[in-house]
Protein chains: 2
Amino acid sequence: MSDPLSPIFAALADPTRRAILSMLLEDDMAVTDVAEPFQMSLAAISKHLQVLADAGLISRERRGRVIWCKLEPDALKAASVWMQGFGQFEPVDLDALERFLETELRDDSDEDVP
Amino acid sequence: MSDPLSPIFAALADPTRRAILSMLLEDDMAVTDVAEPFQMSLAAISKHLQVLADAGLISRERRGRVIWCKLEPDALKAASVWMQGFGQFEPVDLDALERFLETELRDDSDEDVP
DNA sequence: GACATATTCAACCATCCGGTTGACGATCGC
DNA sequence: GCGATCGTCAACCGGATGGTTGAATATGTC
(Lines give C-alpha, C1' and ligand atoms only; values in the text may rest on other atoms or scores of the structure.)
Protein backbone atom coordinates (compact mmCIF):
# COMPACT_ATOMS: atom_id res chain seq x y z
CA MET A 1 0.00 0.00 0.00
CA SER A 2 1.90 3.02 -1.22
CA ASP A 3 -0.46 5.86 -0.28
CA PRO A 4 -2.58 4.97 2.72
CA LEU A 5 -3.68 8.52 3.46
CA SER A 6 -5.53 9.33 0.24
CA PRO A 7 -8.23 6.66 0.60
CA ILE A 8 -8.66 7.59 4.25
CA PHE A 9 -9.26 11.25 3.53
CA ALA A 10 -11.41 10.40 0.52
CA ALA A 11 -13.54 8.17 2.75
CA LEU A 12 -13.90 10.98 5.29
CA ALA A 13 -14.93 13.44 2.57
CA ASP A 14 -18.51 12.14 2.50
CA PRO A 15 -20.96 13.18 5.24
CA THR A 16 -22.85 9.89 5.02
CA ARG A 17 -19.65 7.99 5.71
CA ARG A 18 -18.70 10.32 8.56
CA ALA A 19 -22.16 9.76 10.04
CA ILE A 20 -21.65 6.01 9.76
CA LEU A 21 -18.34 6.29 11.59
CA SER A 22 -20.04 8.28 14.33
CA MET A 23 -22.65 5.58 14.67
CA LEU A 24 -20.02 2.87 14.85
CA LEU A 25 -18.24 4.85 17.52
CA GLU A 26 -21.13 4.02 19.84
CA ASP A 27 -21.20 0.33 19.06
CA ASP A 28 -20.64 -2.33 16.44
CA MET A 29 -23.61 -2.60 14.08
CA ALA A 30 -25.10 -4.87 11.45
CA VAL A 31 -25.23 -3.52 7.89
CA THR A 32 -29.02 -3.33 7.90
CA ASP A 33 -28.99 -1.35 11.13
CA VAL A 34 -26.34 1.01 9.79
CA ALA A 35 -28.56 1.65 6.77
CA GLU A 36 -31.75 2.20 8.71
CA PRO A 37 -31.46 5.96 9.48
CA PHE A 38 -30.54 6.87 5.90
CA GLN A 39 -32.95 7.35 3.07
CA MET A 40 -30.80 5.66 0.46
CA SER A 41 -30.85 2.04 -0.62
CA LEU A 42 -29.17 -0.72 1.31
CA ALA A 43 -26.87 -1.31 -1.66
CA ALA A 44 -25.67 2.29 -1.48
CA ILE A 45 -24.84 1.91 2.21
CA SER A 46 -23.10 -1.35 1.42
CA LYS A 47 -20.89 0.52 -1.04
CA HIS A 48 -20.13 3.22 1.53
CA LEU A 49 -19.13 0.50 3.97
CA GLN A 50 -16.87 -0.97 1.29
CA VAL A 51 -15.14 2.40 0.86
CA LEU A 52 -14.66 2.68 4.61
CA ALA A 53 -13.31 -0.86 4.77
CA ASP A 54 -10.94 -0.28 1.84
CA ALA A 55 -9.59 2.76 3.67
CA GLY A 56 -9.07 0.60 6.73
CA LEU A 57 -11.46 2.68 8.80
CA ILE A 58 -13.79 -0.21 9.59
CA SER A 59 -13.72 -3.98 9.47
CA ARG A 60 -16.59 -6.34 8.77
CA GLU A 61 -17.11 -9.75 10.23
CA ARG A 62 -19.82 -12.21 9.27
CA ARG A 63 -21.57 -13.88 12.18
CA GLY A 64 -24.36 -16.06 10.98
CA ARG A 65 -26.19 -14.25 8.26
CA VAL A 66 -25.43 -10.87 9.78
CA ILE A 67 -22.29 -8.89 8.99
CA TRP A 68 -21.06 -6.80 11.88
CA CYS A 69 -19.24 -3.54 11.22
CA LYS A 70 -16.62 -2.36 13.65
CA LEU A 71 -14.61 0.83 13.85
CA GLU A 72 -10.85 0.47 13.22
CA PRO A 73 -9.37 3.56 14.83
CA ASP A 74 -5.80 2.99 13.61
CA ALA A 75 -6.45 4.31 10.11
CA LEU A 76 -8.12 7.41 11.47
CA LYS A 77 -5.19 7.79 13.77
CA ALA A 78 -2.83 7.74 10.81
CA ALA A 79 -4.65 10.66 9.26
CA SER A 80 -4.82 12.46 12.57
CA VAL A 81 -1.10 12.03 13.02
CA TRP A 82 -0.42 13.39 9.54
CA MET A 83 -2.41 16.49 10.41
CA GLN A 84 -0.48 17.01 13.59
CA GLY A 85 2.60 17.14 11.38
CA PHE A 86 1.29 20.58 10.58
CA GLY A 87 2.04 21.40 14.17
CA GLN A 88 0.63 24.48 15.83
CA PHE A 89 -2.64 22.75 16.63
CA GLU A 90 -2.92 22.61 20.35
CA PRO A 91 -3.82 18.97 21.05
CA VAL A 92 -7.46 19.49 22.00
CA ASP A 93 -9.39 22.74 22.08
CA LEU A 94 -12.58 21.71 23.82
CA ASP A 95 -14.55 24.78 22.79
CA ALA A 96 -13.71 24.21 19.16
CA LEU A 97 -14.44 20.50 19.57
CA GLU A 98 -17.88 21.24 20.90
CA ARG A 99 -18.62 23.77 18.16
CA PHE A 100 -17.55 21.46 15.39
CA LEU A 101 -19.29 18.39 16.73
CA GLU A 102 -22.47 20.46 16.84
CA THR A 103 -21.93 21.58 13.27
CA GLU A 104 -21.28 18.04 12.17
CA LEU A 105 -24.40 16.77 13.90
CA ARG A 106 -26.58 19.45 12.34
CA ASP A 107 -25.13 18.73 8.89
CA ASP A 108 -25.75 15.04 9.20
CA SER A 109 -29.36 15.48 10.20
CA ASP A 110 -29.92 17.97 7.38
CA GLU A 111 -28.43 15.83 4.70
CA ASP A 112 -28.81 12.21 5.63
CA VAL A 113 -31.57 11.74 8.17
CA PRO A 114 -34.48 13.83 6.94
CA MET B 1 -21.60 27.03 4.61
CA SER B 2 -23.47 23.94 5.69
CA ASP B 3 -20.79 21.23 5.45
CA PRO B 4 -17.31 22.63 5.88
CA LEU B 5 -15.65 19.30 6.55
CA SER B 6 -16.36 17.52 3.29
CA PRO B 7 -14.39 19.92 1.06
CA ILE B 8 -11.54 19.92 3.55
CA PHE B 9 -11.23 16.14 3.58
CA ALA B 10 -11.75 15.97 -0.17
CA ALA B 11 -8.91 18.46 -0.62
CA LEU B 12 -6.66 16.38 1.62
CA ALA B 13 -7.47 13.21 -0.32
CA ASP B 14 -5.02 14.06 -3.10
CA PRO B 15 -1.26 13.54 -2.56
CA THR B 16 -0.35 16.45 -4.81
CA ARG B 17 -2.44 18.77 -2.69
CA ARG B 18 -1.00 17.38 0.52
CA ALA B 19 2.48 17.96 -0.89
CA ILE B 20 1.52 21.54 -1.72
CA LEU B 21 0.34 22.07 1.84
CA SER B 22 3.64 20.72 3.13
CA MET B 23 5.52 23.13 0.90
CA LEU B 24 3.42 26.05 2.10
CA LEU B 25 4.10 25.03 5.66
CA GLU B 26 7.68 26.14 5.11
CA ASP B 27 6.84 29.48 3.58
CA ASP B 28 4.38 31.41 1.43
CA MET B 29 4.95 30.74 -2.27
CA ALA B 30 4.05 32.07 -5.68
CA VAL B 31 1.90 29.81 -7.87
CA THR B 32 4.71 29.24 -10.36
CA ASP B 33 7.07 28.21 -7.58
CA VAL B 34 4.46 25.86 -6.13
CA ALA B 35 4.14 24.23 -9.54
CA GLU B 36 7.86 23.89 -10.19
CA PRO B 37 8.58 20.53 -8.46
CA PHE B 38 5.61 18.80 -10.10
CA GLN B 39 5.55 17.34 -13.54
CA MET B 40 2.05 18.48 -14.38
CA SER B 41 0.93 21.65 -16.10
CA LEU B 42 0.64 24.99 -14.37
CA ALA B 43 -3.09 24.94 -15.06
CA ALA B 44 -3.43 21.67 -13.18
CA ILE B 45 -1.61 23.14 -10.17
CA SER B 46 -3.79 26.22 -10.42
CA LYS B 47 -6.84 23.99 -10.14
CA HIS B 48 -5.39 22.18 -7.14
CA LEU B 49 -4.79 25.56 -5.49
CA GLN B 50 -8.39 26.48 -6.21
CA VAL B 51 -9.59 23.32 -4.49
CA LEU B 52 -7.41 24.08 -1.48
CA ALA B 53 -8.67 27.67 -1.38
CA ASP B 54 -12.32 26.59 -1.68
CA ALA B 55 -11.76 24.29 1.28
CA GLY B 56 -10.31 27.22 3.21
CA LEU B 57 -6.95 25.53 3.57
CA ILE B 58 -5.02 28.27 1.81
CA SER B 59 -5.54 31.87 0.79
CA ARG B 60 -4.15 33.66 -2.26
CA GLU B 61 -3.14 37.28 -2.48
CA ARG B 62 -2.10 39.07 -5.64
CA ARG B 63 0.96 41.29 -5.26
CA GLY B 64 1.98 42.75 -8.57
CA ARG B 65 1.72 40.05 -11.15
CA VAL B 66 2.58 37.34 -8.65
CA ILE B 67 -0.07 35.55 -6.60
CA TRP B 68 1.17 34.45 -3.20
CA CYS B 69 -0.26 31.32 -1.59
CA LYS B 70 -0.45 31.10 2.16
CA LEU B 71 -1.45 28.29 4.47
CA GLU B 72 -4.65 28.86 6.46
CA PRO B 73 -4.34 26.45 9.37
CA ASP B 74 -7.81 27.06 10.81
CA ALA B 75 -9.57 24.84 8.28
CA LEU B 76 -7.13 22.03 8.88
CA LYS B 77 -7.68 22.53 12.55
CA ALA B 78 -11.41 22.07 12.05
CA ALA B 79 -10.82 18.66 10.50
CA SER B 80 -8.27 17.77 13.14
CA VAL B 81 -10.73 18.69 15.86
CA TRP B 82 -13.44 16.58 14.25
CA MET B 83 -11.09 13.61 14.29
CA GLN B 84 -10.30 14.11 17.92
CA GLY B 85 -14.03 13.76 18.50
CA PHE B 86 -13.26 10.10 17.94
CA GLY B 87 -11.26 10.36 21.13
CA GLN B 88 -8.80 7.70 22.11
CA PHE B 89 -6.02 9.26 20.03
CA GLU B 90 -3.30 10.35 22.35
CA PRO B 91 -2.54 13.93 21.28
CA VAL B 92 0.82 13.28 19.65
CA ASP B 93 2.61 9.98 19.22
CA LEU B 94 5.98 11.07 17.96
CA ASP B 95 7.03 7.65 16.71
CA ALA B 96 3.89 7.34 14.64
CA LEU B 97 4.32 10.93 13.48
CA GLU B 98 7.80 10.21 12.24
CA ARG B 99 6.78 7.01 10.51
CA PHE B 100 3.88 8.61 8.72
CA LEU B 101 5.73 11.71 7.69
CA GLU B 102 8.35 9.45 6.16
CA THR B 103 5.68 7.48 4.35
CA GLU B 104 4.08 10.67 3.13
CA LEU B 105 7.37 12.03 1.90
CA ARG B 106 8.25 8.82 0.06
CA ASP B 107 4.81 8.68 -1.54
CA ASP B 108 5.01 12.27 -2.68
CA SER B 109 8.39 11.75 -4.28
CA ASP B 110 7.21 8.58 -6.00
CA GLU B 111 4.06 10.08 -7.38
CA ASP B 112 4.61 13.79 -7.83
CA VAL B 113 8.28 14.64 -7.94
CA PRO B 114 9.89 12.02 -10.16
C1' DG C 1 -37.06 -28.64 0.95
C1' DA C 2 -39.31 -24.15 1.02
C1' DC C 3 -39.29 -19.69 2.35
C1' DA C 4 -37.74 -15.41 4.50
C1' DT C 5 -33.84 -12.39 5.85
C1' DA C 6 -29.21 -10.26 5.21
C1' DT C 7 -25.93 -8.67 2.12
C1' DT C 8 -23.57 -8.21 -2.05
C1' DC C 9 -23.09 -8.19 -7.19
C1' DA C 10 -23.86 -6.32 -11.80
C1' DA C 11 -25.31 -3.20 -14.93
C1' DC C 12 -26.49 1.28 -15.68
C1' DC C 13 -26.65 6.46 -15.24
C1' DA C 14 -25.36 11.27 -14.12
C1' DT C 15 -22.00 13.85 -12.23
C1' DC C 16 -17.46 14.99 -10.47
C1' DC C 17 -12.35 14.82 -10.73
C1' DG C 18 -7.70 15.28 -12.41
C1' DG C 19 -5.36 16.06 -16.19
C1' DT C 20 -4.41 18.21 -20.98
C1' DT C 21 -4.06 22.11 -24.46
C1' DG C 22 -4.81 26.69 -26.24
C1' DA C 23 -6.54 31.23 -25.72
C1' DC C 24 -6.96 35.08 -22.76
C1' DG C 25 -6.17 38.98 -19.18
C1' DA C 26 -2.80 41.38 -16.10
C1' DT C 27 1.33 43.23 -15.05
C1' DC C 28 6.27 44.15 -15.36
C1' DG C 29 10.60 45.88 -17.83
C1' DC C 30 12.29 48.21 -21.50
C1' DG D 1 3.63 50.64 -26.64
C1' DC D 2 5.82 45.82 -26.95
C1' DG D 3 7.16 41.69 -25.68
C1' DA D 4 7.77 38.51 -21.90
C1' DT D 5 5.99 36.54 -17.65
C1' DC D 6 2.24 35.10 -14.33
C1' DG D 7 -1.90 33.02 -13.72
C1' DT D 8 -6.62 31.70 -14.91
C1' DC D 9 -10.38 30.28 -18.09
C1' DA D 10 -12.73 27.19 -21.32
C1' DA D 11 -13.36 23.13 -23.65
C1' DC D 12 -12.33 18.60 -23.77
C1' DC D 13 -11.21 13.62 -22.24
C1' DG D 14 -10.98 9.28 -19.53
C1' DG D 15 -11.82 7.37 -15.30
C1' DA D 16 -13.75 7.54 -10.57
C1' DT D 17 -17.85 8.32 -7.55
C1' DG D 18 -22.53 8.05 -5.69
C1' DG D 19 -26.74 6.64 -6.54
C1' DT D 20 -30.45 3.37 -8.62
C1' DT D 21 -32.71 -1.29 -9.63
C1' DG D 22 -32.93 -6.24 -10.08
C1' DA D 23 -30.74 -10.62 -9.70
C1' DA D 24 -27.76 -13.61 -7.00
C1' DT D 25 -25.71 -15.70 -2.79
C1' DA D 26 -25.76 -17.15 2.14
C1' DT D 27 -27.72 -18.23 6.12
C1' DG D 28 -31.45 -19.13 9.45
C1' DT D 29 -36.32 -20.95 10.29
C1' DC D 30 -40.14 -23.78 9.57
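In what follows, chains carry the letters A, B, and so on, assigned in the order in which the sequence lines appear, proteins first and then strands, with residues in each chain numbered from 1.
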Query raised in the report: Quick one: do A:Arg63 and A:Asp28 make a salt bridge, cutoff under 4.0 Å?
Result: no
Query raised in the report: Hey, what's the ring geometry for A:Trp82 with A:Phe9, parallel, tilted or perpendicular (30° and 60° as the breaks)?
Result: perpendicular
Report task. For B:His48 and D:dG7, give me the distance from atom NE2 to atom P, rounded to whole Å. Result -> 16 Å
Query raised in the report: Heavy atoms under 4.0 Å, any strand shown: does A:Ala30 hit a base, just sugar-phosphate, or nothing?
Result: sugar-phosphate
Query raised in the report: Which residue, A:Ala43 or A:Arg65, contacts DNA chain D at a nucleotide closer to its 5' end, judged by nearest heavy atom?
Result: A:Ala43
Report task. Only one of B:Leu57, B:Leu52, B:Leu49 passes side-chain contact (heavy atoms from CB on, under 4.5 Å) with B:Arg17; say which it is. Result -> B:Leu52
Query raised in the report: When all nucleic acid strands are considered with a 4.0 Å heavy-atom cut-off, which category describes B:Ala10: base, sugar-phosphate, or nothing?
Result: nothing
Query raised in the report: Does the side chain of B:Cys69 reach to within under 4.5 Å of the side chain of B:Met23, using non-hydrogen atoms?
Result: no
Requested in this report: Could you state the atom-to-atom distance from CZ of B:Arg17 to C1' of C:dG18 in whole Å?
Outcome: 8 Å
Requested in this report: Let me know the distance between CD of B:Gln50 and P of C:dC16, rounded to the nearest Å.
Outcome: 16 Å
Report task. Specify the separation, in whole Å, of atom CD1 of B:Ile67 and atom C1' of C:dC28. Result -> 15 Å
Query raised in the report: For C:dT20, does either OP1 or OP2 sit under 4.0 Å from a side-chain N or O belonging to B:Ser41?
Result: yes
Report summary line: A:Thr32 has its side chain closest, among D:dC6, C:dA6, C:dG19, to C:dA6
Query raised in the report: In terms of the nearest nucleotide of DNA chain D, which residue is placed more toward the 5' end: A:Arg62 or B:Lys47?
Result: B:Lys47
Query - Distance, rounded to the nearest Å, where A:Phe38 contributes CZ and D:dG19 contributes C1' - result: 15 Å
Report task. Would you mind reading off the distance between A:Glu36 atom CD and C:dT5 atom P, rounded to a whole angstrom? Result -> 16 Å
Report summary line: Rounded to the nearest 0.5 Å, the NZ atom of B:Lys47 sits from the CD1 atom of B:Ile45 at a distance of 11.5 Å
Report summary line: To the nearest angstrom, the CE-P distance between B:Met40 and C:dC17 comes to 16 Å
Report task. Under 4.0 Å between any heavy atoms, over every strand shown, what does B:Arg63 touch: base, sugar-phosphate, or nothing? Just pick one. Result -> nothing
Requested in this report: Starting from C1' on D:dG19, measure out to CG on A:Asp14 and report it in whole angstrom.
Outcome: 11 Å
Query raised in the report: Reckon B:Leu42 touches a base, only the sugar-phosphate, or nothing at all at heavy-atom distances under 4.0 Å?
Result: base
